[in-house]
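Notes follow once the structure below has been shown.
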4 protein chains.
Amino acid sequence: MKNNKPKYKLIIDAAVDVIAENGYHASQVSKIAKKAGVADGTIYLYFKNKEDILVSVFEEKMGQFIEQIVTATNERENASEKLLTLIEMHFSQLAANHHLAIVTQLELRQSNLSLRQQINRILKPYLVVIDEIVKEGVEEKLFRSDIKIPLIRQMIFGTLDETVTNWVMNEEKYDLIGLAPYVHELITKGVSVK
Amino acid sequence: MKNNKPKYKLIIDAAVDVIAENGYHASQVSKIAKKAGVADGTIYLYFKNKEDILVSVFEEKMGQFIEQIVTATNERENASEKLLTLIEMHFSQLAANHHLAIVTQLELRQSNLSLRQQINRILKPYLVVIDEIVKEGVEEKLFRSDIKIPLIRQMIFGTLDETVTNWVMNEEKYDLIGLAPYVHELITKGVSVK
Amino acid sequence: MKNNKPKYKLIIDAAVDVIAENGYHASQVSKIAKKAGVADGTIYLYFKNKEDILVSVFEEKMGQFIEQIVTATNERENASEKLLTLIEMHFSQLAANHHLAIVTQLELRQSNLSLRQQINRILKPYLVVIDEIVKEGVEEKLFRSDIKIPLIRQMIFGTLDETVTNWVMNEEKYDLIGLAPYVHELITKGVSVK
Amino acid sequence: MKNNKPKYKLIIDAAVDVIAENGYHASQVSKIAKKAGVADGTIYLYFKNKEDILVSVFEEKMGQFIEQIVTATNERENASEKLLTLIEMHFSQLAANHHLAIVTQLELRQSNLSLRQQINRILKPYLVVIDEIVKEGVEEKLFRSDIKIPLIRQMIFGTLDETVTNWVMNEEKYDLIGLAPYVHELITKGVSVK
DNA sequence: TATGAATGAGCCTTCATTCAT
DNA sequence: AATGAATGAAGGCTCATTCAT
């Protein structure tokens, strides 16, 4: 297991910091190596190339991110509560980690097609989690069944993602977590007066 | 008026094509010049630098994009119909222009902070259009007034943007425009069974 | 006679100003054209290329410079007085024209071999003037005849040139013209106590 | 000590040759790298930028140049003999190194203000050496005390510099070192018949 | 395993000069 | 004579990756 090797984690964490501090394009491999306290060449003992570092960053961090959400939502009774918990966890985890928020919402998007496709592959399990909550809601007759699930998932993910991005670009000046119930209300009830 | 100069348009259009075909990072100025049929140096008679080309591409194309939407929504009677028209126009304009869709949804996001901020400035009028439709809906007692408008706007824009991005990344294999009524339904009524 | 054409003089004078203000390497042809109030292309109706502008600048200005000195020295009776007058005129003309001093002492020296050779050709008449004064001094038994004239001329010109360059590089903070009698004394008597 | 690194010296020496052969403006970094037998990028491990190469060339070579002169003059008994030795060493060192002579007398002068100021800083110790010899001469009552030392130094340096430049521009056709006693005589006794 | 010096391909931008009007 | 838009060659510098130690 490569993440048992201490330098592997060292490099991943250094990469998050360097990218958050310098931006994607100013994050040279040598800068990451320096931050991690290893030689440039050592990076290539653990990662195939620069892109592999970035993919691994996302893989590691998103893995933990999703795991937390899965664990928390599993403790909830119904789909609506699970959705609220997912929103709360999505917001709170990014609010708790300034650097990670910058990297996921801004910097990692400045990548080429190949990298974006790998990021999407990594993101897949999160989308599956959303899908499953929606399916559960439909079965429980809480959520509508007349609109295809992918579309519903796009609304949910798009809303969360846009909300976090706006918050990051506004320099995180307001309380992101406090928005969770309102976002949940919007997603469940829509914009219409009931 | 700089866009009366024929070479200006020539270069803008060439840039859209080149970026869509090669991706942002593989779009050398010389490639754009060649496609436009002008000398490399000519680019710099019309644009300050490479970043200025990209900002101008977005400015021109997004200007037209928003104008079309404003014109079309103004012909509608109430906020709900205006929202549907906005969604239809958003989808149809990007569906009609393959290259533009790739550039706006994928390539232009691979940019540094300075460029992203300029892109956000250009995007601002579109967000204002959404805000105004929401305000109108609230006045007409069609839309809820218990949730802040920026949050509602983020849900709307986030949903549309995520939907288009998914469509582009799925290689535009399904009918985007056909999704408009479902997306409209989702935004207005939410995910709950009424 | 090309210098009867008004634009010719306009361009020459613009060139002196532009070079003095911006330095040799930042003096683009377009900048000179703008300062002269003509189009870029017009420059090439009067000058073969950029180097030709610079040579012409030196030719014009140095022509006047030498003419003034010849006229003034001719009014003197003997070689020693002529030498003093030459030193005074050399210093006073450059002290009177800030821009010209910068151009001749600093900027024009940043040129390639071909240009330097042409500058030397233009400078030749000045060196001849010095040679003639020295010859006259030798004939009048005022100046020594045991050292070759070119060597004496190099001492005279080198001393004057180095003195002016130091004055320019010290931002012309002291009185250059006031140094003339001391320099004259040094050249005639040398560094030895009587 | 950076000049212990073999590539540092390799690049410095290659730069002297390339500049002497091609002139300052035709001396591309890639040409210097090729001559030194290193990759272009290697240059930038040892020098900040192209200008830094030139400054370093002058620093290294002028350092040795001055050191030689200081050592030699220190072996002399009085100021007049020291001055003669300084002139002999100044001439002989440049006569012995064709490329270095071209670089110091012609090419290095084609530089911008920033570079010239750095060159002057490097040249300073040499001017101090001259000043000290003059001061010693004044104390020994060999040299006059009625003219300010900077002016005397300008005469000495200006004469030597002009003499070497003329020799280089005349393609080094005559014996420079042989001129030393005459130049010494001129500087000490001046142009007047005693 | 680890190092870090060395590599070299790659690109944006400038500006002297031309030429159709 | 005059214009000025257009040209396109040229080069300093960066940085991901390699490899001898």
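Lettering of chains follows the sequences in order, A, B, ..., and the numbering in each one begins at 1. On a predicted model such as this, the values are computed, not experimentally measured, just so you know. The figures that follow rest on heavy atoms only: side chains count, while hydrogens, waters and symmetry mates do not.
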From CD1 of D:Ile11 across to P of F:dC13 the rounded distance in Å is 14 Å
To the nearest angstrom, the CD1-P distance between B:Ile43 and F:dT7 comes to 10 Å
A:Leu45 atom CG is separated from F:dA16 atom P, nearest whole Å, by 17 Å
Dot-bracket for DNA chain F, 5' to 3', Watson-Crick and G-U pairs with both distances under 3.5 Å, [ ] for crossing pairs, | for partner on another strand, reads .||||||||||||||||||||
Taken to the nearest 0.5 Å, the spacing of A:Asp13 CG from A:Leu100 CG works out to 10.5 Å
Contact string for nucleotides 13-21 of chain E, one letter per nucleotide 5' to 3', B = base within protein heavy-atom range under 4.0 Å, S = sugar-phosphate only, - = neither, reads BBSSBB---
_Using side chain to side chain contact (heavy atoms under 4.5 Å, CB included), reason through B:Ile12 and B:Lys61 one step at a time and then give a plain yes or no._
CA-CA 9 Å; B:Ile12 288 278; B:Lys61 297 301 179 185; 4.3 Å; yes
What one should report as the nearest heavy-atom pair of D:Asp52 and D:Tyr46 is OD2-O, 4.5 Å
Here the pair of heavy atoms bringing D:Asn120 nearest to C:Met169 is ND2-CE, 2.9 Å
A:Tyr8 OH to E:dA2 P, in whole Å, measures 15 Å
Taken to the nearest whole Å, NZ/D:Lys31 to P/F:dG12 is 10 Å
Only residue of C:Ile102, C:Val103, C:Ile53 satisfying side-chain contact (heavy atoms from CB on, under 4.5 Å) with C:Ile19 is C:Val103
